[in-house]
Amino acid sequence: MSQALSQTLDFLLYDWLKVQDLNARERFADHSRETFDAVLATSEKMAREKFAPFNRLVDTQEPHFDGERVHLPEATHAAMAAFAESGLLAASQDYEIGGMQLPCVVEMAATSFFSKASVAMSGYAMLTKGNAGLLMAHGSELQKEVFAKNEFAGRWFGTMCLSEPQAGSSLSDVSTRAEPDGDDPLGTRYRLKGNKMWISGGEHELSENIIHLVLAKIPGPDGKLVPGTRGISLFIVPKKMVDASGRLTGERNDVALAGLNHKLGYRGTTNCLLNFGEGKFLPRSKPGDPESSARPGAVGYLVGEPGQGLQCMFHMMNEARIGVGLGAVMLGYAGYEASLEYARQRPQGRAVTGKGPGGKDAAAPQLPIIEHADVKRMLLAQKSYVEGGLALELYCARLVDELNSGAPEAAAEARLLLEVLTPIAKSWPSEWCLEANSLAIQVLGGYGYTRDFPVEQHWRDNRLNMIHEGTHGIQGLDLLGRKVVMNGGAALLALAARINSTIEAAVQQPALAEQGNQLAAALAKLGRATKNAWATGNPEEALANATPYLQAFGHVVLAWLWLDLSLSAAGPSDFAQGKRAAARYFYAYELPKIDAWLGVVGSREALCREMRDGWF
């Protein structure tokens with residue numbers, strides 16, 4: 001792991017976000033900068049020793065199914081065992097359930113090391129933490145005790161089961177059915193039948209059990225499934241049956257692996273098609289019942305109220321969206337570091353001196369390619385994307401801490417900001433840190449396309465993040481269709497107030513005044529485009545260009561963060577000058593792109609909604 005990343009994390013946490021101030025709050029009173037640093041150092045060491053050396057191995061030795069069990073490299077077992085033993089699965093949880101009560105922002109900084117070392121292996125932990133966190137928010141007391149606590153302890157791992165082969169991202173079209181099956185201490189019991197697709201971590205033997213959180217529909221009084229999202233409920237469906245004390249009963253639940261998906265990237269994470277209730281395993285109605293009571297249908301326990309499944313699941317989905325964004329950032333960061341190291345060592349080409357053909361002296365020694373302006377452009381682009389993206393994810397995590405431990409007024413503002421920033425936290429790094437990986441390949445030239453260097457794997461892994469936890473199109477519809485207009489635009493106004501505060505500080509400094517004025521103009525353009533998009537009140541017209549709106553919105557947010565970072569990056573050190581150079585690059589090369597994106601938004605360009613199939 002690089003010293004540069006650790007230095008950047010220190011800057012973001014302590015100089016910019018002032019994380020040390022959280023120790024004045026009761027929840028974090030036992031902590032200090034020393035304890036935060038110890039967690040970060042432990043995470044960096046574990047990621048460097050247990051994850052990074054095996055990232056290529058888990059990519060080339062994909063999971064395989066022998067008909068009975070899924071096989072993973074031993075390195076994955078060792079890495080996840082070490083992670084579970086460290087207690088990091090419960091890092092931000094209460095002491096009473098074995099947690100450390102760390103701020104979310106420190107936990108996310110620690111997670112960044114693992115995402116950079118091997119995003120595929122670390123995915124098991126992200127899913128498990130999110131699964132258990134949802135249960136802590138919406139589960140019954142016994143569900144928290146039996147399922148969430150065992151997940152936080154690393155004894156069991158977790159998944160989220162949303163998509164279906166025929167429905168994809170259209171959750172209103174899920175057809176998995178849940179039939180009532182009586183009462184149970186663990187929750188109202190149901191029998192589930194259906195199929196779930198693209199389930200990361202859906203089958204493995206890394207833990208004693210796998211706890212699936214499954215969206216399914218309960219039939220109405222007429223026996224038919226309620227159409228749309230109103231009929232969706234959420235269920236805990238364990239791979240292996242457990243009793244009310246958390247002991248395994250020795251029975252398999254009726255959940256069967258139908259096949260492994262073999263993806264472009266993330267090959268170290270099992271990705272599965274799961275069949276619920278196909279009859280391969282026949283669990284009994286209740287532990288201790290005679291075997292004659294066994295029948296088809298996966299046993300599931302209702303979480304929350306019937307029909308409220310999607311609302312409950314958004315707790316995990318929104319957390320996962322920020323986690324996906326962080327994973328995208330750190331893949332970009334890994335590619336940036338690899339291409340920077342290569343550029344410093346690779347000699348090629350000569351300086352333009354005005355002598356000889358093309359203005360170059362053929363007798364002069366070759367230069368490291370980092371001396372060429374176009375290579376510097378590609379490296380600067382990567383730096384601006386990945387370091388800006390890391391700031392974005394940590395900023396969102398800091399808002400989570402404000403939401404959970406701040407004063408009521410500050411918590412309410414944090415909630416609004418998280419609403420509007422979550423689509424950006426997921427989508428922006430997924431697009432632009434992928435572009436960073438593409439530029440890393442370009443810096444390496446022909447070598448970048450080979451498996452002799454890691455940058456091609458970083459690109460393949462990162463390409464999946466544009467569809468993980470909702471595509472760009474879905475995030476754009478969420479942002480323009482819901483987040484910026486809800487409650488009279490309250491979330492957008494809260495964000496604009498934060499941006500304007502940064503602008504006011506920047507224009508007082510001669511070196512930053514021009515960027516402050518650029519950002520003010522960009523924010524005004526974004527506001528006008530938002531208003532114009534909804535001028536007719538017709539959602540079809542407003543949302544036809546939701547993705548360009550998402551792209552422009554993200555660039556304005558990143559420009560704001562870079563200006564705010566520049567206010568904290570004072571002094572003549574190479575580190576500070578590097579931060580200001582990245583900000584300067586973003587304002588010169590990136591922020592002007594918003595004019596084209598907002599142009600089609602503000603004019604409600606009709607081409608994409610009027611285009612007909614036959615014209616293609």
Side-chain angles (χ1 to χ4, degrees), residues 1 38-66 68-93 97-100 102 107-133 135 146-160 199-212 238-240 242 246-248 252 257 260 266-272 323 326-327 330 461:
M1 294 292 169
V39 170
L40 295 176
T42 298
S43 299
E44 188 278 334
K45 184 175 187 292
M46 190 190 314
R48 172 167 40 86
E49 294 179 354
K50 297 289 188 179
F51 286 72
F54 309 104
N55 191 43
R56 176 64 81 183
L57 174 71
V58 301
D59 180 68
T60 55
Q61 294 186 17
E62 291 186 66
H64 68 277
F65 183 50
D66 66 4
E68 293 186 6
R69 56 188 289 262
V70 170
H71 295 267
L72 294 167
E74 181 56 37
T76 304
H77 289 263
M80 297 319 302
F83 194 96
E85 186 178 350
S86 73
L88 287 171
L89 282 166
S92 62
Q93 299 300 313
I97 64 170
M100 304 180 193
L102 283 174
E107 180 187 37
M108 182 154 283
T111 299
S112 70
F113 292 111
F114 297 99
S115 296
K116 180 170 176 281
S118 179
V119 73
M121 284 195 285
S122 64
Y124 296 103
M126 183 188 81
L127 289 162
T128 300
K129 287 191 289 185
N131 180 306
L135 293 176
V146 170
F147 297 108
K149 285 188 179 181
N150 276 306
E151 290 183 85
F152 284 133
R155 180 185 171 200
W156 301 342
F157 282 4
T159 74
M160 56 194 304
I199 309 306
S200 294
E203 181 59 40
H204 56 72
E205 295 192 3
L206 298 172
S207 58
E208 292 180 16
N209 205 356
I210 302 174
I211 308 305
H212 303 292
K239 171 185 173 180
K240 299 177 181 178
V242 304
R247 290 192 297 263
L248 300 180
R252 273 291 302 266
L257 177 68
L260 294 174
Y266 273 76
R267 293 176 175 174
T269 307
T270 58
N271 190 273
C272 311
L326 180 67
M330 299 318 298
D461 285 341

Gln61 vs Phe54, side chain to side chain contact (heavy atoms under 4.5 Å, CB included): CA-CA, chis, key distance, verdict: CA-CA 10 Å; Gln61 294 186 17; Phe54 309 104; over 6 Å; no
*asked:* Quick check on side chain to side chain donor-acceptor pair (under 3.5 Å): which of Asn55, Asp461, Thr76 does Ser118 satisfy it with?
replied: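 Result for side chain to side chain donor-acceptor pair (under 3.5 Å) with Ser118: Asn55.
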Donor-acceptor contact below 3.5 Å, side chain [X] vs main chain [Y]:
X      : Y      : answer
Thr111 : Glu107 : yes
Ser207 : Phe157 : yes
Asn131 : Thr159 : yes
Thr128 : Gly158 : yes

Exercise. What residue pairs, at least two apart or across chains, pass side chain to side chain donor-acceptor pair (under 3.5 Å) with a residue in residues 147-158?
Worked result: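 Counting only pairs at least two positions apart or across chains, the side chain to side chain donor-acceptor pair (under 3.5 Å) contacts touching residues 147-158 are Glu145-Lys149, Asn150-Arg155, Arg155-Glu208.
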Atom pair [atom1] ([X]) and [atom2] ([Y]), whose distance is rounded to the nearest 0.5 Å:
X      : Y      : atom1 : atom2 : result
Met126 : Leu89  : CE    : CG    : 12.5 Å
Lys50  : Phe83  : NZ    : CZ    : 14.0 Å
Met108 : Ser115 : CE    : OG    : 8.5 Å
Glu44  : Phe114 : CD    : CZ    : 9.5 Å
Leu257 : Lys239 : CG    : NZ    : 9.0 Å

Salt bridge (Lys or Arg N to Asp or Glu O under 4.0 Å): which pairs involve residues 68-93, sequence neighbours left out?
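Checked against salt bridge (Lys or Arg N to Asp or Glu O under 4.0 Å) - neighbours excluded - the pairs reaching residues 68-93 are Arg69-Glu205.
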For the residue pair [X] and [Y], establish whether any side-chain heavy-atom pair is separated by less than 4.5 Å.
X      : Y      : answer
Thr269 : Met121 : no
Thr42  : Ser86  : no
Pro63  : His71  : no
Ile199 : Asn271 : no
Asp59  : Tyr266 : no
Leu88  : Ser43  : yes

Indicate the atoms forming the closest heavy-atom contact of [X] with [Y], along with that distance.
X      : Y      : result
Ser200 : Leu127 : O-CD1, 3.4 Å
Ala90  : Gly98  : CB-O, 4.1 Å
Ala110 : Leu40  : N-CD2, 3.6 Å
Cys272 : Leu260 : SG-CD2, 3.8 Å
Pro238 : Asn209 : CB-ND2, 4.0 Å
Val58  : Pro73  : CG1-CG, 4.3 Å

| request: Go through Arg56 and Thr60 one step at a time and tell me if the side chain to side chain contact (heavy atoms under 4.5 Å, CB included) criterion holds. | output: CA-CA 6 Å; Arg56 176 64 81 183; Thr60 55; 4.0 Å; yes
What do you reckon, are the aromatic ring centroids of Tyr124 and His204 less than 6.0 Å apart?
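Ring-ring flag for Tyr124/His204: true, centres closer than 6.0 Å.
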Check against side chain to side chain contact (heavy atoms under 4.5 Å, CB included), His64 and Val70 = CA-CA 6 Å; His64 68 277; Val70 170; over 6 Å; no
